[in-house]
Amino acid sequence: MIASPAALLSPVILFFLLGAVAAFARSDLTVPEAVAKGISLYLMAAIGLKGGVEVAVSGFTTDMALAALAGLTLSVLLPVLAFALLRSFGRLDRLNAGAVAAHYGSVSVVTFVTGVEVLTTGGMPPAGYMVAVLALMELPAIIVGLLLARGRGDDAGAGAGAGGQSTGSLLHETLLNGSVVLLAGSFVIGLVIGKPGFATIAPVFETGFRGVLCLFLLDMGLVAARRLRQARSLTLRLALLGIAMPVINGALGVGLAALTGLSPGSAAALGMLAASASYIAVPAALRLALPQADPGLYLAMSLAVTFPFNITFGLPLYISLAVWMVPA
Amino acid sequence: MIASPAALLSPVILFFLLGAVAAFARSDLTVPEAVAKGISLYLMAAIGLKGGVEVAVSGFTTDMALAALAGLTLSVLLPVLAFALLRSFGRLDRLNAGAVAAHYGSVSVVTFVTGVEVLTTGGMPPAGYMVAVLALMELPAIIVGLLLARGRGDDAGAGAGAGGQSTGSLLHETLLNGSVVLLAGSFVIGLVIGKPGFATIAPVFETGFRGVLCLFLLDMGLVAARRLRQARSLTLRLALLGIAMPVINGALGVGLAALTGLSPGSAAALGMLAASASYIAVPAALRLALPQADPGLYLAMSLAVTFPFNITFGLPLYISLAVWMVPA
Amino acid sequence: MIASPAALLSPVILFFLLGAVAAFARSDLTVPEAVAKGISLYLMAAIGLKGGVEVAVSGFTTDMALAALAGLTLSVLLPVLAFALLRSFGRLDRLNAGAVAAHYGSVSVVTFVTGVEVLTTGGMPPAGYMVAVLALMELPAIIVGLLLARGRGDDAGAGAGAGGQSTGSLLHETLLNGSVVLLAGSFVIGLVIGKPGFATIAPVFETGFRGVLCLFLLDMGLVAARRLRQARSLTLRLALLGIAMPVINGALGVGLAALTGLSPGSAAALGMLAASASYIAVPAALRLALPQADPGLYLAMSLAVTFPFNITFGLPLYISLAVWMVPA
Amino acid sequence: MTTTTLRRKVEILVDSPLVPRIAATAAGVGVTAYTLVPTLGGAGHGGEWSDDQVTGADSKVIFTTVTTEEKAAALTDALTPLLESHGLLLLISTVEVVRAQKF
Amino acid sequence: MTTTTLRRKVEILVDSPLVPRIAATAAGVGVTAYTLVPTLGGAGHGGEWSDDQVTGADSKVIFTTVTTEEKAAALTDALTPLLESHGLLLLISTVEVVRAQKF
Amino acid sequence: MTTTTLRRKVEILVDSPLVPRIAATAAGVGVTAYTLVPTLGGAGHGGEWSDDQVTGADSKVIFTTVTTEEKAAALTDALTPLLESHGLLLLISTVEVVRAQKF
Ligand SMILES: Nc1ncnc2c1ncn2[C@@H]1O[C@H](COP(=O)(O)O)[C@@H](O)[C@H]1O
Ligand SMILES: Nc1ncnc2c1ncn2[C@@H]1O[C@H](COP(=O)(O)O)[C@@H](O)[C@H]1O
Ligand SMILES: Nc1ncnc2c1ncn2[C@@H]1O[C@H](COP(=O)(O)O)[C@@H](O)[C@H]1O
Ligand code: NA
Ligand code: NA
Ligand code: NA
């Protein structure tokens with residue numbers, strides 16, 4: 001059912017395609033950057049609130065702790081796997097391989113949000129605590145990716161000199177990345193206010209969510225396609241990895257979720273998180289922590305290859321996998 | 001009824017007047033440009049979606065084809081008439097006359113949208129396919145206006161040299177103007193998703209529409225009045241034409257609709273389209289295609305004279321005409 | 001009840017705290033300025049409309065005239081009191097004392113709006129005409145503050161030379177301050193359209209209000225905390241006054257309302273208006289009228305000290321006072 | 001090769017609400033053409049600031065004009081008394097222009 | 001001390017829709033690196049304007065490029081015919097750069 | 001006539017997330033006053049880019065400071081090692097200022 005290509009015909013996905021087509025056809029359609037940023041703040045506040053409210057209703061459960069553990073495990077191990085693939089098949093130098101690996105170990109809020117919309121419309125909504133898992137998975141991969149990029153310390157250039165940065169200040173900057181703070185903060189607000197407090201703001205954060213998401217994905221389609229057109233350092237091998245890695249990571253995510261005993265909806269959501277590659281929190285952190293890595297490369301891979309693949313083909317795939325692997 | 005001046009008391013029009021009064025009184029009230037642009041994208045997506053959904057419900061009909069034909073005819077002929085008036089009565093040179101004529105042959109999305117609101121509130125909603133007619137009418141007038149501006153080719157300056165542009169690239173740039181792509185794309189999305197798919201995003205694109213339109217018209221009032229204050233090249237003759245042309249074009253539009261057998265609501269809408277002058281798609285295209293024409297002039301006419309006239313007096317006038325000319 | 005600290009757990013206040021915490025922790029979370037400005041325009045239009053619609057329903061009453069008179073009295077007298085405190089206890093020079101006094105005599109729209117939300121949720125909504133009182137109270141304090149700042153005319157520097165400004169142009173600029181025009185204009189529109197006209201735009205201006213206010217207060221939290229961190233000229237004495245003045249002014253406001261015979265909800269609202277310090281209309285006007293005064297100082301006091309105090313502790317305090325002083 | 005002429009570029013960092021006053025002062029010395037460039041933030045003796053459109057008080061723009069030596073000097077003279085009191089920053093540099101009569 | 005080299009900075013104030021055309025003209029004379037700086041408004045012979053993203057017609061940006069003396073002259077020559085017809089403003093100045101080979 | 005003094009203007013095009021680092025490096029050589037100017041996009045060896053506030057990775061600003069010859073040189077020296085690795089663009093030019101002691 002929802003795993004069918006029919007999911008492609010949801011308005012949210014269609015607006016993404018419209019944006020991509022417009023950009024490929026070189027239309028001058030653009031969403032002002034300030035507005036796009038404002039919408040992304042709204043989406044993070046909304047998703048955080050909804051998750052918090054749901055956990056306020058369901059309470060803290062063992063399931064939740066297990067899902068968190070599974071998410072953390074994935075975000076530590078996936079960058080290592082990605083790093084190996086990027087170095088060997090992708091032929092990337094260590095610095096850039098570490099940077100890209102950090103993106104694939106971390107998560108994309110909008111991929112998750114779109115996936116949750118598809119799952120909910122299809123009648124298999126994931127548990128509310130998956131938002132907390134999302135927040136937990138944003139950061140560890142950054143640390144792992146940096147360790148991989150810097151290697152055994154013989155890579156003197158990376159992080160040294162005036163551009164260098166102590167691990168302490170790095171941790172601070174990563175933990176306090178705006179999107180992480182907003183997501184986690186809204187989750188806590190959702191927990192505190194619960195269902196009754198949420199009712200008064202639900203018209204904005206719930207009823208309006210799907211429509212606003214359409215406008216954001218229109219912009220994402222424009223941005224992703226323009227970035228693909230402008231990508232210079234993207235080789236065919238790297239583009240292939242930009243599709244292979246989400247498939248592998250998604251399967252691992254769904255598999256681990258199945259072992260952990262999550263519901264099919266939550267398993268699909270964990271697969272989506274594993275498959276998605278960050279393009280908000282990680283690029284911002286890496287521009288600081290690894291200024292020598294090529295942002296054109298890691299954004300092209302996460303935003304121009306993996307994100308569109310996930311939105312169109314990936315989401316139905318991870319749902320099918322979850323339906324197939326998890327006893328309903 | 002709705003053709004009465006009471007339509008002037010709708011909140012949408014009142015916000016336009018508030019903006020105009022504030023700008024004339026030299027208040028420092030301004031809407032940030034990024035926000036205004038964001039709202040205009042929202043309005044185009046919403047109007048496109050609504051039209052598409054309605055056509056998905058009603059199916060393609062002969063009426064629709066006839067309306068499209070009428071719209072195309074108007075957008076080819078009206079610029080010729082406008083050109084003649086601008087050259088003779090308006091005393092404009094050929095270049096600027098062609099540029100202004102292109103604006104009056106094309107259409108204003110916000111005039112249409114405001115008119116549809118007034119019609120719908122008044123109980124005579126136009127057919128959903130009028131949005132498709134709107135999209136069809138955006139472009140042909142640009143081509144006609146350019147042909148008129150360039151004349152028999154002896155006007156060597158226009159479009160030649162480093163500033164020149166091949167007809168191919170011009171067509172490309174016009175067809176792919178952001179607002180045209182968004183409007184047409186949203187129309188197609190509306191067609192594909194139909195009523196059920198639209199239901200989930202209706203809170204944003206339908207329920208919120210009128211309120212957001214108020215904020216946009218507040219900005220339009222500010223922008224139109226400031227532009228009128230700053231207009232340097234606007235002569236009295238041209239200002240008069242800025243009122244006469246919409247009346248003439250509106251009457252021709254309603255008349256052609258009556259001959260074509262459209263409903264009173266759709267006839268009024270076609271009149272509004274004919275009467276309206278573009279201030280989004282055409283200025284952007286002409287700045288490229290006819291850089292020598294004076295943007296201060298064509299924007300002053302379309303935005304500072306015709307748009308306010310249409311919003312306040314024009315809309316009720318075209319509705320009256322439709323009620324009078326079309327057998328209900 | 002609503003006067004209890006539980007009011008602190010409303011989502012609106014929690015988002016303010018989230019913003020403040022993020023800024024203190026030096027997170028890079030920011031709301032684009034254009035979006036923040038857009039939201040503040042929306043809030044002013046919404047509050048103006050709602051007030052106007054309520055007065056359209058209730059009609060003009062003696063109560064209303066009395067509340068207006070009370071508001072005007074406060075906005076003329078409070079700056080004088082504030083000036084005395086700032087000069088003596090605060091040790092400020094005359095110029096800056098006058099500038100700061102103008103802020104405390106005027107009002108903060110967002111404090112009022114947040115207070116109305118708390119009051120309404122708590123079952124003691126203020127009268128609709130309090131919005132008109134708000135608009136009336138924005139300006140007189142600016143004039144009084146300027147007179148105080150300029151003193152007996154021996155302060156030749158202030159307002160003289162190329163930077164000088166005639167009283168006429170000052171009045172013009174103050175009266176036509178964007179926020180005043182929008183608030184008053186929306187109030188008039190609300191009056192004209194009444195309940196039926198408002199129904200069609202209520203989804204945006206009423207249903208969405210509280211959710212949008214959350215996002216705005218997130219930004220206000222960020223802005224207030226960053227300003228406090230950056231404040232250089234804020235002495236301990238001035239910070240103390242930034243808390244003492246709203247308490248004193250709030251008590252005077254509630255007291256005068258009690259004498260005037262307003263309802264407890266309206267009395268609390270008048271207390272909030274008296275207690276609040278402007279950070280939109282007044283800074284903009286003073287930057288013009290008193291360019292030599294230090295904006296870092298007056299904004300730090302009104303935005304970084306008084307606003308957070310009012311939002312968190314002040315509002316429940318003024319409500320308690322009103323409950324206690326006004327016979328229900 | 002196109003001939004170019006030397007002119008003076010005057011850049012004035014000024015709080016947004018004060019722009020009309022600078023424009024009026026400039027017009028007073030015959031400088032009527034200018035372009036406004038936005039800023040995002042900065043730091044100086046008065047501490048750090050970042051663009052703040054909501055209050056409008058911490059929003060600065062760069063008023064830029066290209067003009068003749070004489071008019072640039074006249075504008076500088078006219079603005080010098082305001083530099084301190086209004087917190088302005090004024091920079092003058094030399095640029096080359098085509099179509100010298102326009103400036 | 002770091003060695004610096006003299007280069008030419010060319011600044012062109014141009015209507016947003018015309019930027020691709022300027023970029024193409026620049027590329028035609030070998031100038032492929034540039035940065036776009038936004039503007040908020042201004043005034044000139046054509047009257048006052050302020051940024052207008054909705055119509056796009058009154059939105060100007062500053063196309064800025066740093067290049068060699070020769071390429072700057074070639075760019076100026078290529079753009080001179082358009083200055084009047086397209087309402088461009090072109091300024092040339094001298095700047096110092098590090099890593100001269102980059103420019 | 002107002003007396004003006006020569007100073008050096010240093011303009012650094014830098015990715016937004018790196019601004020605090022540039023500000024810290026500048027403070028390290030005694031340059032504590034600066035202004036940030038936004039950009040919209042551009043092109044160079046690394047290809048084309050346009051402002052991207054959502055990811056933050058493709059958003060560049062111009063860190064501008066006016067200072068003495070010595071401090072400008074010290075700042076250039078301190079930043080030269082980062083120019084290549086951090087993708088910075090650094091320009092130095094000469095400007096005249098009033099109230100020389102301020103800079
Ligand atoms: N030397 C400078 N270079 C660049 N910008 C400056 C300089 N001095 C002051 N500014 C700008 O002017 C603002 C006000 O300066 P100040 O009055 O020193 O606080 C600062 O926040 C900067 O944005
Ligand atoms: N001398 C100048 N200095 C700064 N900006 C200018 C100058 N001349 C023209 N401009 C800018 O170029 C625009 C068009 O100029 P004009 O063609 O004279 O109307 C003006 O609105 C200003 O933004
Ligand atoms: N010569 C130049 N003139 C103006 N901007 C430049 C120049 N070179 C580089 N840039 C800017 O710096 C960015 C990065 O340059 P690059 O490292 O060459 O890709 C470019 O995208 C431009 O925005
Ligand atoms: Na991942
Ligand atoms: Na028309
Ligand atoms: Na007050």
Side-chain angles (χ1 to χ4, degrees), chain D residues 6-16 25 29 35-53 58-67 69-96, chain F residues 1-41 51 53 56 59-68 71-72 75 91-103:
Chain D
L6 295 183
R7 285 287 177 273
R8 301 289 266 167
K9 182 193 208 175
V10 184
E11 292 167 288
I12 303 152
L13 181 72
V14 54
D15 288 18
S16 305
T25 308
V29 298
T35 301
L36 302 173
V37 175
T39 64
L40 294 173
H45 298 111
E48 233 179 287
W49 61 278
S50 60
D51 183 39
D52 174 357
Q53 287 177 25
D58 250 10
S59 184
K60 292 179 197 280
V61 306
I62 304 173
F63 180 101
T64 307
T65 181
V66 176
T67 186
E69 179 81 49
E70 295 73 43
K71 284 189 185 168
L75 181 57
T76 309
D77 288 349
L79 288 176
T80 297
L82 303 186
L83 293 186
E84 196 63 46
S85 66
H86 291 54
L88 306 179
L89 189 79
L90 184 144
L91 307 177
I92 309 156
S93 57
T94 301
V95 294
E96 293 166 44
Chain F
M1 245 204 68
T2 318
T3 335
T4 60
T5 318
L6 294 184
R7 285 287 177 272
R8 302 289 266 168
K9 182 193 208 174
V10 184
E11 291 168 288
I12 303 152
L13 181 72
V14 54
D15 287 18
S16 305
L18 293 173
V19 167
R21 196 163 304 171
I22 302 295
T25 308
V29 298
V31 172
T32 51
Y34 60 88
T35 302
L36 302 173
V37 176
T39 65
L40 293 172
D51 183 38
Q53 286 178 26
S59 183
K60 293 180 198 278
V61 306
I62 304 174
F63 180 103
T64 307
T65 181
V66 176
T67 186
T68 58
K71 284 190 186 170
L75 181 57
L91 308 176
I92 308 155
S93 57
T94 301
V95 295
E96 292 167 45
V97 301
V98 190
R99 298 187 298 160
Q101 74 291 352
K102 255 211 83 174
F103 297 87

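Every chain is numbered from 1 and lettered A, B, ... according to where its sequence line falls, protein lines coming before strand lines.
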For this session: Would you check if the side chain of Ser59(F) reaches a backbone N or O of Ser16(F) as a donor-acceptor pair within less than 3.5 Å?
Result: no
Problem set entry | Backbone of Thr39(F) reached by a side-chain donor or acceptor of Lys60(F) within 3.5 Å | no
Portion of [X] that has a non-hydrogen atom of chain D nearer than 4.5 angstrom:
X         : result
Thr35(F)  : both
Val97(F)  : both
Phe103(F) : side chain
Val66(F)  : side chain
Lys102(F) : both

Less than 4.5 Å to any heavy atom of chain F: does that hold for the side chain of [X], its backbone, both, or neither?
X        : answer
Thr80(D) : side chain
Leu13(D) : side chain
Glu84(D) : both

Exercise. Rounded to the nearest 0.5 Å, what separation is found between the CG atom of Leu75(D) and the OG1 atom of Thr2(F)?
Worked result: 10.0 Å
Problem set entry | Pick from Ala74(D), Ala43(D), Ser50(D) with the largest number of heavy-atom pairs that fall under 4.5 Å of chain F | Ala43(D)
Problem set entry | Set of residues satisfying side-chain hydrogen bond (donor to acceptor under 3.5 Å, both in side chains) with respect to Thr65(F), sequence neighbours excluded | none
For this session: Scan side-chain atoms only and decide if Thr94(F) and Arg8(F) contain a donor-acceptor pair under the 3.5 Å cut-off.
Result: yes
Exercise. Can you find a pair of side-chain heavy atoms, one from Lys9(D) and one from Thr64(D), that are under 4.5 Å apart?
Worked result: yes
Seminar exercise, completed: Minimal heavy-atom distance between Val14(D) and Phe63(D), with the atoms involved, is CG1-CB, 4.4 Å
